[in-house]
Amino acid sequence: MQTVPHRLVTIIAERGVRDRLLDAVHQLGATGHTISDVQGEGSRGGRAVRGGPSVKIEAVVTRPVAEQIAAHVAERYFAHHSVIVYLQDVEVLRGSKYAPHNQGA
Amino acid sequence: MQTVPHRLVTIIAERGVRDRLLDAVHQLGATGHTISDVQGEGSRGGRAVRGGPSVKIEAVVTRPVAEQIAAHVAERYFAHHSVIVYLQDVEVLRGSKYAPHNQGA
Amino acid sequence: MQTVPHRLVTIIAERGVRDRLLDAVHQLGATGHTISDVQGEGSRGGRAVRGGPSVKIEAVVTRPVAEQIAAHVAERYFAHHSVIVYLQDVEVLRGSKYAPHNQGA
Amino acid sequence: MLEILLASLLSPVVLAFVLGALAVAVKSDLEIPEPLYQTLSIYLLLAIGLKGGVALSKTPLAEVAGPVMGTFALGVLTPLTAYAVLRKLGRMDRTNAAALAAHYGSVSAVTFIAAQSVAAFAGTPSEGFLPALVAVLEVPAIIVGLMIAYARGDRAGSWQEALREVVTGRSIVLLVGGMAIGWVAGAEGTAPISPFFVAGFQGALMLFLLDMGMTAARRLRDLRAVGPFLVAFGIVMPIVHGALGVWVGHGVGLSTGGAAVLGAMVSSASYIAAPAAIRVGLPEANPAYYLTASLGITFPFNLTLGIPLYLTLSGWLA
Amino acid sequence: MLEILLASLLSPVVLAFVLGALAVAVKSDLEIPEPLYQTLSIYLLLAIGLKGGVALSKTPLAEVAGPVMGTFALGVLTPLTAYAVLRKLGRMDRTNAAALAAHYGSVSAVTFIAAQSVAAFAGTPSEGFLPALVAVLEVPAIIVGLMIAYARGDRAGSWQEALREVVTGRSIVLLVGGMAIGWVAGAEGTAPISPFFVAGFQGALMLFLLDMGMTAARRLRDLRAVGPFLVAFGIVMPIVHGALGVWVGHGVGLSTGGAAVLGAMVSSASYIAAPAAIRVGLPEANPAYYLTASLGITFPFNLTLGIPLYLTLSGWLA
Amino acid sequence: MLEILLASLLSPVVLAFVLGALAVAVKSDLEIPEPLYQTLSIYLLLAIGLKGGVALSKTPLAEVAGPVMGTFALGVLTPLTAYAVLRKLGRMDRTNAAALAAHYGSVSAVTFIAAQSVAAFAGTPSEGFLPALVAVLEVPAIIVGLMIAYARGDRAGSWQEALREVVTGRSIVLLVGGMAIGWVAGAEGTAPISPFFVAGFQGALMLFLLDMGMTAARRLRDLRAVGPFLVAFGIVMPIVHGALGVWVGHGVGLSTGGAAVLGAMVSSASYIAAPAAIRVGLPEANPAYYLTASLGITFPFNLTLGIPLYLTLSGWLA
Ligand SMILES: Nc1ncnc2c1ncn2[C@@H]1O[C@H](COP(=O)(O)O)[C@@H](O)[C@H]1O
Ligand SMILES: Nc1ncnc2c1ncn2[C@@H]1O[C@H](COP(=O)(O)O)[C@@H](O)[C@H]1O
Ligand SMILES: Nc1ncnc2c1ncn2[C@@H]1O[C@H](COP(=O)(O)O)[C@@H](O)[C@H]1O
Ligand code: NA
Ligand code: NA
Ligand code: NA
């Protein structure tokens, strides 16, 4: 079995910025993503507030795309929004599936 | 604290194949799994289609079991189904808990 | 982009112990957490029982905090509860965000 | 009997159960989302609690005392009979026998609800205060089951934790809480909420049983693992306990419908409260046994054949 | 026509669709949680199935036979016309044309439900057994669409898997299952569940269309990607198919309302069953085409202008 | 007063709140799933919007103008009084005082709904157009709160983003959207959806308050952290604002019930719209303060004692 090292970018964000984040993630080269509903607590409060769920966005991407996504999130969202981002190593099958085929869109 | 290196296999798949995947995961040696509802977008489309949620299956397993699960998924599902699989390193306590105690069933 | 290595602690537990676990996670130094609803199967049964969902708690923390959380979970919960815990490496931006600012509370 | 049987089998609620089972059989992608399942169970428990509380607020205490004591006695007795049968006839180990005893002594709220509907439909409605008996029946058997295991020194779990789990578990909280609200607010106070909790009840129950059908069918896969003895136990034990319940029901002065519903309750096996308690108190017990038996065998049996049987029995005894 | 158009456009159900679209336009954080979406679709499909089944239990077979055969014929014919138009006029590749053909031949249950409501509101209610026609119309077109692609040797997907996906898919299971339950239990048997499934129906439909408005508006972003031909196709094809459906409806003896609703069904494009089947059977087809066209163009068109148009047409033909 | 107080305290809706708090106190595993919470809040907001819109469609503009202007004035004034009290008496820092001011100037839709029910129950129903006042009251206070902070140069957040967050927030979208739909469709057009949105309302509200009781009880844990001043503030400020609201209500010509409900609205503290806006516009503010005060103190106070108090006050002023 031929696995290829890639990066898993995880973004946890308040729901209001979800669509903007997804657009950015794809524009920066992700070929797919997985999203789930989560709840959280961080520096901007959390637990025991209902109606304020967050989303977790995960994308398996190449190393440079991962860096770009993390940098984008940091630059645009860290100041005004409840957002965190972290990167992990993953191994995938079919490495070509996750390579950005379309740099511009 | 004595942690033991293991592998985390993550499978993201359309819901229709969930039960078959779970059976396979256990048959190949996983002693447990965790499953959650997600939504996603990949090469076969996604975002903005309601009613087409996916599942994420995660299993902490030994290294050889991880390889077998990934290979099985690749062989049986990549051609006709919306499925991705990736592997990560994890450290667990109670390593024996995740060792396949029952190779055949 | 300056990423900093940290640890991701993941705890999967039956819902009944959620609040106690969250209190412990924060008391041991986590500055935040993310929680999601999952279902699972392990040594104490699972699949095909409705009404018994679990929670997944994830916290990005420093290495020593991660060890402490894992040790705490092992000591207090492994005997009587459906709980697993595992650790992974992650890279984060803004490393200081995840450092325990308040050891005691 | 045949008439009751047909009326019961051809009701939308039972047909929905069958539809759920068929959906699993044909490997449909139909799925009741987990939050819908939880919503329906919160709704159903609260609704029967409310109804019972309103009925209780109109019932003199003296009328309830007998049934409560009879039910309590059955809750202590039936786990013992179940344990004896499992050990003597089934040669099952102590831990698993005790776990099963806790399940078969306790009660399935959905079986109770279905029995109540069928009894009403058959023209022999049950007493309004019966939900109180569900609460009385739920707890003791689990305690007895755990006591059997703990008395034998099997102590992997925590006895106190398990007990806490049952009495603070959501089924007791919603059932007893709903009863308290219904009792305090009375018929007049609950009138504004009754379109939601009364008129919608049967439809919600139907959706719930669609899900139960799917769950039961998934459990059936484990049937081979549990062996023929447990299959027989899952059918015969309920009949014995059910007949006992009907008989005691008449003894404590319940109506024909009421005694039949009590029979169904006693015959039923818990699959919410008991599994939660056993997971904590007897973690070594194998869920494949107690879940497959209670969910895969006894629940479908009671829903289809058991309830009409207890009604018929009760009619004979009346 | 104007009157019907206004009554339709100003109904809460259509206004909720508009509200959903506006919420997306202003980037509101309003969100219909996924489990609520699933709950609503389970509810709506089961409810129309039940209603259809009860109606069917009162309808002589002879009366249903003609409409069933006419509908079946339309289910085979319309994917062929759609395919021809897409290939000849749109110069689209075979795979994507076949995928779109499957969608436009099949049916959108929500369009059916909306049409049924508007027809009733306009004083020309449709026949009660029409849900049976939805089930008849759903499957054949998808098979024909796949056959076109497979006959041309494009075999990345699995033909059998795709077929299985459709017939065991949740929309068929709930629709046909609900019909069977309604048919077996009859009007009397379903009375206890009707407050839930009948009285609540329009409100649940309104919430569902709030979500549909949001989904359709999100799809619209892809509009530029699909090009002007597909936009035109998404409006003109439904009109052609809708007119054909109305005409056949009158031919097989349906009432004015019934023929109009059949027209709306035939004109509509599937966005639940067909996408699921195409994803498996024709994975190379591009979802941006078939989902944008069916969800982003044809559904809103039918909901607002199409249904009143078919009703008016049907009035003329009567 | 005592009579109203009892009727209010012993209503199922308030009892459900208490049950939720007790469930947390005994550490029950009862849980209202997040999607159910969201569904209930979508439902309740849309339902009161619809009801208000239908009422508005029957009310002459002149009758609404006074109340709207009075409410708007209260929405500008009350954050200023709250800010002054917090700074002068509580010696709180500017950022947290501004954040709290935004919360106490804005409105809690659930408090409004509960007040409306109690007023109707007490025989003094409020005007049908009051939901329009909720929308009018929700926004200005949040703007004023942000303006206070921004005028002082604390600019970690984005002013424009926060404003956008409020006006496109789901509570405004559903409330105003529902009103628009109710207003356009009118009583006749909304008749088919009223079994869903009207008959089911109180039951859904009861489930919602079960959840609110759990949330409020969880918040109480933070009580020690916020200190005695904030606890006193969370009770006294609502009484002052509530009395003011009742007085203004009478001044602008509302009925006894209407003025009392306006008082409850003015006294209430937002815990949906304001927290969302503050998180974006004033991220440095500490949620432990504003959430504990609004959810843990003011909401339970109003639900149990405040609403009967404003009703009694309003009766005296009539
Ligand atoms: N240390 C952490 N570990 C895991 N998740 C976190 C952590 N800190 C923050 N989060 C998540 O990120 C969201 C936003 O964080 P914040 O901006 O700090 O409020 C929170 O709601 C959590 O879901
Ligand atoms: N690059 C990616 N990163 C994360 N998840 C992905 C990625 N690609 C695909 N997925 C997930 O896998 C599912 C199936 O992918 P596909 O077969 O490419 O449509 C999608 O619905 C996503 O949830
Ligand atoms: N090998 C595994 N991989 C992933 N999740 C697991 C595994 N074993 C157990 N779990 C999760 O942990 C929960 C408790 O496990 P247990 O205590 O073994 O019943 C299960 O319900 C699963 O969600
Ligand atoms: Na029993
Ligand atoms: Na069609
Ligand atoms: Na206020």
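As a basis for the values below, the full set of heavy atoms in this structure was taken, side chains included, without hydrogen atoms, waters or symmetry mates. Below, read A as the first sequence line, B as the second, and so on, with proteins coming before strands; counting in each chain starts at 1.
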Region of B/Leu8 that comes under 4.5 Å of a non-hydrogen atom in chain C
side chain
Side chain, backbone, both or neither of B/Val60 within contact of chain C (heavy atoms, under 4.5 Å):
side chain
Determine whether more than 12 heavy atoms belonging to other residues, nucleotides or ligands lie under 6.0 Å from atom CZ of B/Arg18.
yes
Heavy atoms, side chains only, cut-off 4.5 Å: are B/Thr34 and C/Gln39 in contact?
no
Sequence neighbours excluded, which residues qualify as ring pair (Phe, Tyr, Trp, His ring centres under 6.0 Å) partners of B/Tyr86?
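In terms of ring pair (Phe, Tyr, Trp, His ring centres under 6.0 Å), with neighbours along the sequence ignored, B/Tyr86 is linked to no residue.
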Kindly compute the distance separating OG (C/Ser54) from CD1 (B/Ile35), expressed to the nearest 0.5 Å.
11.5 Å
From B/Thr31 atom OG1 to C/Glu41 atom CD, the distance as rounded to the nearest 0.5 Å:
9.5 Å
Taking every non-hydrogen atom, the tightest pair across C/Ala70 and B/Leu93
O-CD1, 3.4 Å
By salt bridge (charged side-chain N to carboxylate O under 4.0 Å, His left out), B/Arg7 pairs with (sequence neighbours left out) A/Glu91, B/Asp89
